[in-house]
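Just below is one structure, and these are the notes that go with it.
Here is the naming used below: chain letters follow the sequence lines, and residue numbers restart at 1 for every chain.
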Amino acid sequence: MLDKLYRALYRIRRVEEEIARIYSTDKIKSPTHLSIGQEAVAVGVCEALRSTDVVFGTYRGHACYLAKGGDLRKMIAELYGKGTGCAKGKGGSMHLIDVRAGVMGTSAVVGTTIPHAVGYAYAMRLRRQDTVVVSFFGDGAIEEGVFHESMNFAALRRLPIIFVCENNSYAIHAHQLARQPASNIVERARTYLIPAERIEDNDVLRIYGLVKAAADEIRSKQSGPRFFECMTYRWKEHVGPGDDFDRGYRSISEAQPWFANDQLKRLESLLGPQVRERIMGEVEVEIAQAFQFAESSSFPAEEELYTDVFGEAAQWTAS
Amino acid sequence: MLDKLYRALYRIRRVEEEIARIYSTDKIKSPTHLSIGQEAVAVGVCEALRSTDVVFGTYRGHACYLAKGGDLRKMIAELYGKGTGCAKGKGGSMHLIDVRAGVMGTSAVVGTTIPHAVGYAYAMRLRRQDTVVVSFFGDGAIEEGVFHESMNFAALRRLPIIFVCENNSYAIHAHQLARQPASNIVERARTYLIPAERIEDNDVLRIYGLVKAAADEIRSKQSGPRFFECMTYRWKEHVGPGDDFDRGYRSISEAQPWFANDQLKRLESLLGPQVRERIMGEVEVEIAQAFQFAESSSFPAEEELYTDVFGEAAQWTAS
Amino acid sequence: MDRILTYAEAIREATVQEMTRDPSVIVLGLGVDDFKGLYGTTRGLQDEFGPERVFDTPLSEDGMTGVAIGAAMAGLRPIHVHIRMDFVLLAMNQIVNMAAKARYMYGGAVSVPIVVRSIIGRSWGQGPQHSQALHALFMHIPGLRVVAPSTPYDAKGCLIMSIRDDNPVMFIEHRMLHSQRGHVPSDLYTVPFGKARVLAKGSDITLVGISYMTVECLRAQRYLGEVGISAEVIDPVCLSPLDIETILTSVKKTGRLLVVDSGWTVCGASSEILAQVAEHTQGTPQIRWQRMGFAPVPCPTTKNLENLFYPNAQTVASTAFAMVHDNQRSWTPVHKEAPEIVEFKGPF
Amino acid sequence: MDRILTYAEAIREATVQEMTRDPSVIVLGLGVDDFKGLYGTTRGLQDEFGPERVFDTPLSEDGMTGVAIGAAMAGLRPIHVHIRMDFVLLAMNQIVNMAAKARYMYGGAVSVPIVVRSIIGRSWGQGPQHSQALHALFMHIPGLRVVAPSTPYDAKGCLIMSIRDDNPVMFIEHRMLHSQRGHVPSDLYTVPFGKARVLAKGSDITLVGISYMTVECLRAQRYLGEVGISAEVIDPVCLSPLDIETILTSVKKTGRLLVVDSGWTVCGASSEILAQVAEHTQGTPQIRWQRMGFAPVPCPTTKNLENLFYPNAQTVASTAFAMVHDNQRSWTPVHKEAPEIVEFKGPF
Ligand SMILES: Cc1ncc(C[n+]2csc(CCOP(=O)(O)OP(=O)(O)O)c2C)c(N)n1
Ligand SMILES: Cc1ncc(C[n+]2csc(CCOP(=O)(O)OP(=O)(O)O)c2C)c(N)n1
Ligand SMILES: [Mg+2]
Ligand SMILES: [Mg+2]
């Protein structure tokens, strides 16, 4: 397990570092939100899921996409705007999807995918499938009314969903306490009688363990939703590849404990050097290939402007 | 005080009974939602306010409008669609307003006036006025996301507002527990650190006392919002003048304790017969005059179709 | 087999038949399970298909629209019903930012086959917030289908089409149509999107009525017939995609177009139809065109102003008469209030 | 005194001057207090006017719009800023059901003097949910003013007008306009609603550009000049109320109308303008008209498709050229990407 978690963390970190590096070349022509520092949440959660389980994420969605098994080559191609991208280049970094891997989409409008996850869970329950659905969102998203509407319905119908709040204390440059009267998002969930837990330290093993237990319980007991508020920290600026500790809205001293508690380093230290190096090597090859794939792919043909607007239910048009 | 409360309760009850009686004549040509049975909440709250305080209500707003001092004649004229109505006939029963009395509007779209009350309170705080603002809404309205958005902002900025949830257990024909996982609306407020209380028994004196204390505290200590969940019961059908205990969604036995606990009867028994009869007599005259006023008023002139769409800030057009 | 059904019954029948045929069809919305049954359109459905497939929702239009979208992504075909279109304004973010765009922005990877049924229109002093017809807002957005059938036949066929379609469909019903009666086959059939219907043939002027306004246009057509004017009446049925060909063919024949909308005119369906006709017929000097719709104000509640707010058979006939006579003559038929408007006093 | 300012600076200056003059003016919105300052338009305002009059909000577009409305009812004049118009979809209920209707449905008893500033448009792969221009949705609704100034001069004057107006105003800024420079008087002045501007005189064709498209129309006008075509360029400035007279006068002179919108065409501003012109000029066979706007699809993120999605100076010139030559000839100027588009890579 440790090596799987390590690989997942390392892979996401390195992919995003590469994205950050390449960003200045303008090959990626779109706003891009990095998860560096927050990978433990996506990894802890997604490793605890089955491949048939489903996740919905946000515009800060690289980690969630990759952790859940999304195709790396298609992701990089998507960022490059290539026709081989997971959304044919039409979506870009903020609209990743990989249905095969159970990544059902990420969206640029805050909060919008939360009810989708609930609706997906509704369908799973109706169909008596034991899929567990996860909804990822930030500490800002919970200020949108739809968050409450979604929790209320999920709790009312006892749906198989795990809500995961990635609380990095900021929405763009505004601290949580400048937007909410208290830092108590778990409490909101509890008023819907949803069992809710706050994990303070970005601990990937703890997240993994708790989510695994929750998913098992949802599956075995058909119990209702669960909620996790995962405290974490964004190392980079809100959007783009740079650092922004000099911009006045947060201090590097606030970040230091999070740097020190880097889950990647932590697992690194728990693994033997051989395992580590094998994983690093494999991942680096994969990443190089993915960027190579993106580079060498073509932009979508001009006709693609007009495709994918509507789909046809071919089986019915005859009737 | 008792006589004031009694007068207010009696007046609202009798006005609505008259509305119910007249409704079958089709003089009121618009959906009308009666508060019969729920008057104690509006009365208890509004009697605890100053005339300069401000309330925002819902489409079930007759009680709130009258309790806060809204002009009865203009209200009945409004229901009749007359040009002398409080909204010139353009609004009807669901859009009562009396700015002079601090009734700042009622709306037909559930939940829409909640943030208005918060915004009004913001303006009062900014202007250093000691106005207290009250927002009335139902147990259904709290399912709308905007309720949470409004509470969050009011709590964050510690605004001079009292939230009053008139919990009559139903939204149209759906019971609260068919819409929410638990009956614990006060708990929602508490997660915003808003002091919140649930009043179980429609007790007009208790409501009055608690709201008065809350308003005093807001005024004297510039403290933040307060929340009251007032359990109450609607005697009539959701919309229209009839009874509906035969429609299957609720039973008369559920209603019986509320009938027995009628606050109007309760206060009646606490007052001497002379006081009671004087009040009754005065109120009946006022009501008769109000309906007479409505009857004899004219419908708005045809040109009125096009007025009140835009207003002009006359003082500025010169610059 | 053809029978006479009301528009409301036709909608209910389409729903029942599709739910029977396809277990992925579900119905949700405020009040869909209650005894009033949304003008009867959902009455008894929950008894028939159970509370998992037919359910009332909390008062959460935005969230429940998102729930429907998510369920659709998982393979269900939700029909989300709103008793008033005014409430759909709460769900614009999900409809416009997600439902209309999901397929495109995810490169074709997902479908969002939801039907958003919403009821528009006049009746018994609904007032400014309970009567709006906002189909134009949805016509503006690529990725959405918008249908507004006006007959029981089309109501059934369009609803079946909408349910089976793999895209988000805004299905718009005028409250004054629910009681209209007409032939409805008992079997399952679809009415295709993008095909207008010529409801009455005529040679002097083309009346295009949208939703309930087709009923008033047909009445106007009869009034006009009495004064020797032959009006052709067209119902676009589907507003997006719009069948401009059928309208064009008619206008080229009659030389006159009057578009009558059950909504506002500015940036409305009537402006779009007029603009398309004008684009396609430029250089044809004899063609005349005009629009009618709501007065450019919020809808007043009081009856006498409300009567002025809406177009009706008389004002349509009178406007058409003036157009046919190059505004040189005027005439208005005697005003008779439409029976469905007189009769309706709820339930709401 | 005239100085050269950017459009963003003009907006900021109008805000500062109005806030100084009138203590009831407040500014709220996500990020209005941050160091990026919404493209500089709100930079430093909080330092100057304090955190009670200039404040960041929670992520609650619907609720905060309601808060602004309530504050306006209490006598404040809130300016609510949205960094992207796409997010305003969350506030449609408050804007359409309350702000636009409050005065009317309350019989004139209240005013709702709010300004909703929202930023539209293209730049650096904003994609389907971060680039929409939805002014047509608001034009459709009576009770709202809709302005979309395209020059720094008008940005300042219109914003002052919007703040002082007693009605809800949708104030629309295209992201690619913020860096545009122009003369801006330092004193306070208002640009009245409902007055279009002729930005360039011409005799062969009338180009009406909406928001940023005026910039592209002016470029097109220069290209067309090089091939001997004299184009008149009109900026409506205000979309609701719309000054159709100025456009009509021009079209009657040039005989040709090309409306170029920074939005979709169906039920859009361009269809409304075309419809009104067509209504007013019926029977004039020589007049030609056409619309351009977004491709009828969600906006793709990848650059090569995005380039096809938007009209630009070249496609406008080429379309105008064909119109002037009755579609008998075609020509396209060499494609040069607009400098503001090339240069912009954030901050977002
Ligand atoms: C509805 C909406 N409002 C505003 C924005 C602008 N915006 C983009 S990201 C963001 C902050 C979100 O914060 P949070 O949910 O905590 O996520 P994080 O970025 O911290 O991962 C905001 C306000 C948006 N995209 N959507
Ligand atoms: C946004 C919105 N959704 C739905 C409706 C339809 N509707 C009218 S009243 C009502 C129930 C409201 O219940 P509650 O808030 O408890 O108030 P009550 O009627 O019990 O006083 C509903 C759903 C509406 N008016 N507005
Ligand atoms: Mg955050
Ligand atoms: Mg209730």
Counting only non-hydrogen atoms closer than 4.5 Å, does [X] touch chain D with its backbone (N, CA, C, O), its side chain (CB onward), both, or neither?
X: B:Glu78; result: neither
X: B:Leu96; result: backbone
X: B:Thr131; result: neither
X: B:Leu159; result: neither
X: B:Arg100; result: neither
X: B:Met94; result: neither

Part of [X] within contact of chain B (heavy atom distance under 4.5 Å):
X: D:Met98; result: side chain
X: D:Asp62; result: both
X: D:Ile26; result: side chain
X: D:Ala109; result: both

Chain B neighbours within residues 83-92 of chain D, where any heavy atom lies under 4.5 Å away: none
Within residues 50-58 of chain D, contacts to chain B at heavy-atom distances under 4.5 Å involve D:Pro51, D:Glu52, D:Arg53, D:Phe55, D:Pro58
State whether the number of non-hydrogen atoms from other residues, nucleotides or ligands found under 6.0 Å of B:Glu302 atom CD is greater than 12. no
Could D:Arg103 and B:Phe310 be counted as a cation-pi pair, given that NZ or CZ must be under 6.0 Å from the ring centre and within 45° of the axis? no
With a 4.5 Å heavy-atom cut-off, do D:Met64 and B:Glu149 have their side chains touching? no
Check: D:Ser24 and B:Arg127 side chains under 4.5 Å, non-hydrogen atoms: yes
Considering all heavy atoms, the nearest B:Met124-D:Ala74 contact: CE-CB, 3.9 Å
Could you report the tightest heavy-atom contact between B:Val309 and D:Asn167, atom names first, then the distance? O-OD1, 4.3 Å
CA sep, side-chain torsions, deciding dist, call: D:Gln94, B:His116, side-chain contact (heavy atoms from CB on, under 4.5 Å): CA-CA 10 Å; D:Gln94 283 292 338; B:His116 298 181; 2.8 Å; yes
Return the option, out of [options], with the maximum number of heavy-atom pairs under 4.5 Å with chain D.
options: B:Gly89, B:Gly92, B:Pro300, B:Pro115; value: B:Pro115
options: B:Glu144, B:Lys88, B:Lys90; value: B:Lys90
options: B:Val99, B:Thr113, B:Leu126; value: B:Leu126
options: B:Asn152, B:Thr112, B:Asp98; value: B:Thr112

Residues 49-62 of chain B: residues contacting chain D (heavy atom under 4.5 Å, by number): B:Phe56
Is any residue of residues 102-111 of chain B within less than 4.5 Å of chain D by heavy atoms, and which ones? B:Met104, B:Gly105, B:Thr106, B:Ser107, B:Val109
Quick check for you: among D:Ser111, D:Pro142, D:Gly75, D:Ala68, which has the greatest number of heavy-atom pairs under 4.5 Å with chain B? D:Gly75
Would a distance-only check, ignoring hydrogens and angles, find a side-chain to backbone donor-acceptor pair under 3.5 Å from D:Tyr104 to B:Leu305? yes
